[in-house]
Amino acid sequence: MGNPRVNPWSNRLVPLPVALEDIDMPQHRPVITPLAEGTCRMICTISAAMVGVCLTGISLLRVVISYTRTDTITDDLLAFDAILFLIATLAAYFAMRVDSDVRLHRLERIADVAFILAMVMLTVVCFLITYMVTL
């Protein structure tokens with residue numbers, strides 16, 4: 001490996017690429033790319049805000065449900081969605097705080113997957129709210 005340089009966003013050492021002729025034996029370890037700290041910050045802040053959106057949606061649905069005397073599954077789905085957004089928030093937060101590269105990338109992956117699943121679920125819940133509450 002070449003001489004390391006400092007990543008300006010995470011203050012971690014990042015190895016510089018080396019020429020193929022400088023390598024004695026093949027390396028079988030996967031290359032770990034530096035953490036996209038901007039992505040983790042974005043997931044952390046947006047997910048935290050989306051937890052509040054889900055809780056507001058649950059509150060509004062409970063008012064509609066008590067007024068119309070009907071019950072839907074959408075408030076339960078929003079509660080589960082808020083938990084997914086909370087998982088994404090915590091994983092992104094701890095990904096920015098941890099020092100181990102392996103754990104860092106695992107937490108970043110968990111944050112990405114939880115965030116995407118929560119956004120998809122929120123879209124499905126919005127569709128259900130539109131058609132279940134009006135019926």
Side-chain angles (χ1 to χ4, degrees):
M1 293 247 170
N3 292 332
R5 64 177 171 84
V6 176
N7 184 342
W9 291 281
S10 65
N11 294 327
R12 292 199 172 100
L13 293 179
V14 179
L16 293 175
V18 295
L20 290 178
E21 57 269 1
D22 294 339
I23 299 175
D24 309 79
M25 54 192 331
Q27 295 185 3
H28 297 286
R29 286 188 300 163
V31 177
I32 296 178
T33 58
L35 175 69
E37 193 168 332
T39 304
C40 280
R41 280 192 178 135
M42 186 174 56
I43 287 176
C44 189
T45 55
I46 292 173
S47 293
M50 293 309 289
V51 169
V53 169
C54 289
L55 293 176
T56 303
I58 291 169
S59 300
L60 291 173
L61 280 172
R62 296 308 298 170
V63 169
V64 169
I65 287 170
S66 67
Y67 179 72
T68 61
R69 307 251 192 254
T70 59
D71 199 14
T72 66
I73 194 171
T74 53
D75 57 338
D76 298 328
L77 291 175
L78 274 177
F80 183 71
D81 200 27
I83 291 171
L84 279 177
F85 277 121
L86 182 62
I87 290 170
T89 301
L90 293 174
Y93 174 77
F94 287 120
M96 291 186 294
R97 304 288 286 172
V98 75
D99 288 332
S100 169
D101 284 339
V102 174
R103 192 175 305 149
L104 176 107
H105 287 283
R106 188 175 300 142
L107 286 169
E108 184 182 30
R109 176 69 56 146
I110 290 170
D112 285 341
V113 169
F115 183 75
I116 295 298
L117 286 176
M119 289 301 286
V120 169
M121 179 176 261
L122 186 61
T123 304
V124 170
V125 169
C126 288
F127 180 80
L128 290 174
I129 288 171
T130 302
Y131 292 104
M132 289 181 92
V133 173
T134 57
L135 294 178

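Bear in mind the structure is a predicted one, so any value in this text is a computation, not a measurement.
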Side chain to side chain contact (heavy atoms under 4.5 Å, CB included) evaluation trace for Ile129 with Leu78: CA-CA 10 Å; Ile129 288 171; Leu78 274 177; 4.2 Å; yes

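Neither Leu60 nor Ile65 shares a network with the other; the hydrophobic side chains, linked directly or stepwise wherever heavy atoms of I, L, V, M, F, W or Y lie under 4.5 Å apart, form separate groups for each. Criterion: ILVMFWY side-chain heavy atoms under 4.5 Å apart, direct or through other members. Under it, Ile73 and Ile58 are part of a common hydrophobic cluster. Taken together through direct or relayed side-chain contacts under 4.5 Å among Ile, Leu, Val, Met, Phe, Trp and Tyr, Ile110 and Leu104 form parts of separate hydrophobic clusters. Hydrophobic clustering (side-chain heavy atoms under 4.5 Å, transitive across Ile, Leu, Val, Met, Phe, Trp, Tyr) groups Val53 together with Phe115. Residue Leu90 is not grouped with residue Ile83 when hydrophobic side chains (ILVMFWY) are merged at heavy-atom distances under 4.5 angstrom, including chains of intermediate members.
The distance from atom CE of Met121 to atom SG of Cys126, rounded to the nearest 0.5 Å, is 12.0 Å. Taken from CG in Leu122 to CG in Leu84, the straight-line distance is 10.5 Å, to the nearest 0.5 Å. Summarising the geometry, atom CZ belonging to Phe85 is positioned 11.0 Å from atom CD1 belonging to Ile43; distances are rounded to the nearest 0.5 Å. In this structure, the separation between SG on Cys40 and CZ on Phe94 is 13.0 Å, given to the nearest 0.5 Å.
Contact check for Asp112 versus Glu108: side-chain heavy atoms found under the 4.5 Å cut-off. At a threshold of 4.5 Å between non-hydrogen side-chain atoms, the residues Leu128 and Leu77 count as touching.
Summarising the geometry of Ala118 relative to Asp81, their closest heavy-atom pair is O-OD1, 2.8 Å, with the distance given to 0.1 Å. Contact between Ser47 and Ala88 at its shortest, heavy atoms only, is OG-CB, 3.5 Å.
At least one donor-acceptor pair under 3.5 Å links the side chain of Ser66 to the backbone N or O of Val63.
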